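From a predicted model like this one, the values you see are computed outputs, not experimental measurements. We name chains A, B, ... by the order of the sequence lines, and we start the count at 1 in each one.
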Protein chains: 4
Amino acid sequence: MPRTEQQFEEIRTEKRKIIMDVALELFATNGFHATSISQIAKQAGISKGLAYNYFESKNELLNAVINQGFIEIASFTEVKPDQPLCDEELIAFIEQSFDKVSNDIRHWKLFYSLMLQPHIAENFTERYAKAAEPFFKMIFHFITSKGSTDPEGDLLIISMMVEGAFLYAVAAPGIFPIEQLKQKVIDGIFRIVKTSKK
Amino acid sequence: MPRTEQQFEEIRTEKRKIIMDVALELFATNGFHATSISQIAKQAGISKGLAYNYFESKNELLNAVINQGFIEIASFTEVKPDQPLCDEELIAFIEQSFDKVSNDIRHWKLFYSLMLQPHIAENFTERYAKAAEPFFKMIFHFITSKGSTDPEGDLLIISMMVEGAFLYAVAAPGIFPIEQLKQKVIDGIFRIVKTSKK
Amino acid sequence: MPRTEQQFEEIRTEKRKIIMDVALELFATNGFHATSISQIAKQAGISKGLAYNYFESKNELLNAVINQGFIEIASFTEVKPDQPLCDEELIAFIEQSFDKVSNDIRHWKLFYSLMLQPHIAENFTERYAKAAEPFFKMIFHFITSKGSTDPEGDLLIISMMVEGAFLYAVAAPGIFPIEQLKQKVIDGIFRIVKTSKK
Amino acid sequence: MPRTEQQFEEIRTEKRKIIMDVALELFATNGFHATSISQIAKQAGISKGLAYNYFESKNELLNAVINQGFIEIASFTEVKPDQPLCDEELIAFIEQSFDKVSNDIRHWKLFYSLMLQPHIAENFTERYAKAAEPFFKMIFHFITSKGSTDPEGDLLIISMMVEGAFLYAVAAPGIFPIEQLKQKVIDGIFRIVKTSKK
DNA sequence: GATGAATGAGGATTCATTCAT
DNA sequence: TATGAATGAATCCTCATTCAT
């Protein structure tokens, strides 16, 4: 009995996932240029040829991996970004964000690498900025609602803190425990907010 | 009659500098693996072979470039790290640091890339940590002298801010003007310090 | 649908054989270092890259060629080395040995080269000694059974003769016809044996 | 005071000798193709350029080394080759020959390599044959004077023995002591001679 | 005589990609 | 869908040789 259309579709989807997962692992660990299709195929348990059946080129594969990463980041926005947040909501939001990062370190590692070498992936910078926007919008809402006298400036300070914390989480996960980073960022945000009010 | 020892020395020093400069440019822009010795040689106006007369291997060249970067970072420490700083001194120190970074963006870009893919260069993480130590020591002195009740915690917050700001300066130099980042970091530090005292 | 396992196996075996044969030819004629993978590939009618699909490195290829040679030498031992030989058997054994050499001059040429530059191939000297052992054991049995009063010494004399004859056969095949060498070695052995008895 | 013509000449001769000695060492140990001019220059304590001042090319250097070797071999002939030898003279002659080889293993190693890969040096085979001629002539005289019934055949047997012994001396100097080889060759020659007479 | 910077061709090896099956 | 043989360009690196000084 031949497989049904749907079964084929499932196999494809499943295998794509495996390839992308291996690719993510290797791209994040060793870098895009230092990772070969052969390596990916071998580690994914498939033939080189099959990899090309699923992805037109190594660059396409990278793009797919990146897009997958953006989709996961996008779930940041589950909290509606247009309503004022109370403190607890802000805390929960930050905690979730850190957990997202720490559960998906590989994508973030890849992203930070790509930020530094943007020509590897077309339009990466713009796409990343767009993906990060909701996150910063929420912070902006929060500090505005808290009465910040210079919300753009405060947002920048907080962004730097968050970006630095994420970088620590991603580049040196053994050294700075995620919980500590999380608490310090939350702590930092509140202290920035507190010192903003006239 | 051959050139004098000194003439040779000059030629070598001069050319090494050129090669290292080109290499830094390309490593920082395109990444280590995406940069070929051919490219470096062409852009440096020399033959491929000659590059190997100056550096035993591509990895050696990378190491030389990295070491040069550390030497430049090392001049952070010019301010004596053991004396308490007044506010103006702290401000000057931070400003200098940012100017260092912005005058040497390429090294910093390379460094951030290497932090994310540390096996490219042997012992990079350790060497970077050691190079950065004096910087953080100075901050630590400052916040301690200001009466911080949790200097380790406050230092971490400030580190994150600085690291984030540097990352912005390096990865997106067009978007965030160095002056703004500098001011916001100084601002942030003082606000963190202010909220630390009982 | 892919080729069957067996089809692939056949292709690989066949092509490996071709590559190894060309490599043997060139290594023997021009030496290992003077032979490039390009040459081998061109003469084998394949691309340089494909050669690496079959052999991990030039050294691996050399090893494969050497091992093949040892396998062929190993068939020396077909005669059981532990039973006393009559004259006719000794003669047949020597004749076979010379025929082996003359039908596989290239391996022997390579072997003699490697004896002189042993660090080209790891453990070559030991492996060769082990491969040659059965041959000398048989001679030893023969001269012992003939009543040699100094079998070790006589074996050495005979070994020198055989080694010299093989060298002539291999290095100057046009000058000394194999038949002549063969007859003279047999002749020499019997004369050495004859002069050994008290 | 400038150096005299003669002093210059001495320096040149001296330095040529050094270069040739280092080259011989490396050619014999590692092979011609695996030895670079840089290596030779470094080990000889001179610059690469100077090596080319003394020898037009790497091949010229090889030729010079080979010629030097032939000159040393040539002194085999000091014994006049046209007079019949008594046993003691033959023994002395063989002993001298072995001592020559063992005092100049490097040339012999190179020679045996070149016999196996003759295109490396133009006309090597012919030149070697010519250089070896006096040696074999003496043996021929000896066995003829001893009444050999088949002097060509006996000479071939003895040649094989000698060639094999030399090969052992050169390729495995640790394993077969030169004295043993020497004695066995002398022993072998006499036994061949003894079994030749009707 | 002497130096070593400089070149360019060539060598080993890797790799994205194609394709017959 | 799936395989892996096959290609060729590109990579890192070496080396004989030249040449200005």
Side-chain angles (χ1 to χ4, degrees), chain A residues 2-3 7-8 11-12 15 33-42 46-59 61, chain B residues 1-5 7-9 11-12 14-15 33-41 45-61, chain C residues 1-5 7-12 14-15 33-41 45-59 61, chain D residues 2-3 7-8 11-12 15 33-42 46-59 61:
Chain A
R3 271 174 268 218
Q7 279 174 313
F8 271 125
I11 291 175
R12 273 197 84 78
K15 204 141 264 184
H33 290 293
T35 300
S36 73
I37 292 285
S38 295
Q39 257 174 82
I40 295 171
K42 184 178 288 174
I46 59 165
S47 71
K48 242 186 307 184
L50 191 56
Y52 279 88
N53 197 316
Y54 284 91
F55 299 93
E56 276 199 348
S57 70
K58 199 183 165 191
N59 270 289
L61 173 52
Chain B
M1 225 169 333
R3 272 172 264 219
T4 65
E5 192 92 349
Q7 281 172 309
F8 277 129
E9 197 54 36
I11 292 175
R12 279 196 83 78
E14 201 52 44
K15 201 137 275 184
H33 289 296
T35 301
S36 74
I37 293 284
S38 293
Q39 263 172 75
I40 295 172
I46 60 168
S47 70
K48 235 185 311 183
L50 189 56
Y52 282 91
N53 196 319
Y54 284 89
F55 298 92
E56 279 199 346
S57 68
K58 198 183 164 189
N59 270 289
E60 268 317 297
L61 174 51
Chain C
M1 227 171 323
R3 274 175 263 222
T4 65
E5 192 93 349
Q7 280 173 311
F8 278 129
E9 198 54 36
E10 266 168 40
I11 292 175
R12 281 195 81 79
E14 202 52 43
K15 201 137 274 183
H33 289 297
T35 300
S36 73
I37 291 285
S38 294
Q39 264 172 73
I40 295 172
I46 59 166
S47 70
K48 235 185 311 183
L50 189 56
Y52 282 89
N53 194 318
Y54 284 89
F55 298 93
E56 278 198 348
S57 69
K58 198 183 164 189
N59 270 290
L61 173 52
Chain D
R3 273 175 266 216
Q7 280 175 311
F8 271 125
I11 291 175
R12 273 198 82 80
K15 205 141 265 184
H33 290 293
T35 301
S36 74
I37 292 286
S38 295
Q39 257 173 83
I40 295 171
K42 184 178 289 175
I46 61 166
S47 70
K48 241 184 310 184
L50 191 55
Y52 278 88
N53 198 316
Y54 284 91
F55 299 93
E56 276 200 346
S57 70
K58 198 185 166 189
N59 270 289
L61 173 52

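- Counting only distance, with no hydrogens or angles, the side chain of C/K58 and the backbone of C/T35 share a donor-acceptor pair below 3.5 Å.
- For C/R12 and E/dA20, the CZ to P distance is 20 Å, given to the nearest whole Å.
- Nucleotide E/dG10 holds its C1' atom 16 Å from the NE2 atom of C/H33, rounded to whole Å.
- Base pairing analysis places F/dT21 opposite E/dA2; the two distances defining the Watson-Crick or G-U wobble pair are each below 3.5 Å.
- Atom pair B/E5:CD and E/dT3:C1' shows a separation of 10 Å (rounding to whole Å applied).
- At distances below 3.5 Å, not a single donor-acceptor pair connects side-chain atoms of A/K42 with backbone N or O atoms of A/I37.
- Rounded to whole Å, the distance from CD1 on A/I46 to P on F/dG4 is 11 Å.
- Checking F/dT3, E/dT7, E/dG11 against the side-chain heavy atoms of C/S36 singles out E/dG11 as nearest.
- Protein atom CD of C/E10 is 14 Å distant from nucleotide atom P of E/dT21, rounded to whole Å.
- The shortest distance between side-chain heavy atoms of C/K15 and C/L50 falls below 4.5 Å.
- A donor-acceptor pair is defined here as one N or O able to donate and one able to accept, closer than 3.5 Å; such a pair exists between the side chain of C/Q7 and the backbone of C/T4.
- Counting only heavy atoms from C-beta on, B/L50 has its side chain closest to E/dT7 among F/dA6, E/dG1, E/dT7.
- Distance from the side chain of A/I37 is smallest for E/dA16 among the nucleotides E/dA16, F/dA6, F/dT3.
- Toward the 5′ end of DNA chain E lies the nearest nucleotide of A/S38, the other residue of the pair A/S38 and C/Q7 mapping further downstream.
- For C/K48, taking side-chain heavy atoms from C-beta onward, the closest of the listed nucleotides E/dA2, E/dT7, E/dT13 is E/dT13.
- Nearest-nucleotide positions on DNA chain E place B/F8 closer to the 5' end than the other of B/A51 and B/F8.
- The CG atom of B/N53 sits 16 Å away from the C1' atom of F/dC12 (whole-angstrom rounding).
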>> Could you go through B/L61 and B/I40, starting from their C-alpha distance and side-chain angles, then the distance that decides it, and tell me whether this counts as side-chain contact (heavy atoms from CB on, under 4.5 Å)?
In response: CA-CA 11 Å; B/L61 174 51; B/I40 295 172; 3.9 Å; yes
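- In this structure, the NZ atom of D/K58 is 16 Å from the P atom of E/dG10, given to the nearest Å.
- Nucleic acid contact class of D/F55 (heavy atoms, under 4.0 Å, all strands): none.
- Using N1 to N3 plus N6-O4 or O6-N4 for Watson-Crick, or N1-O2 and O6-N3 for G-U wobble, each under 3.5 Å, E/dC15 pairs with F/dG8.
- With distances taken from any side-chain atom of D/Y52 to the nucleotides F/dT18, E/dT3, F/dA2, the minimum falls on F/dT18.
- Residue A/I40 contributes atom CD1, which lies 17 Å from atom P of E/dT14 at whole-angstrom precision.
- Residue-level contact check: A/S57 touches the backbone only, with heavy atoms under 4.0 Å from sugar-phosphate atoms and none from bases.
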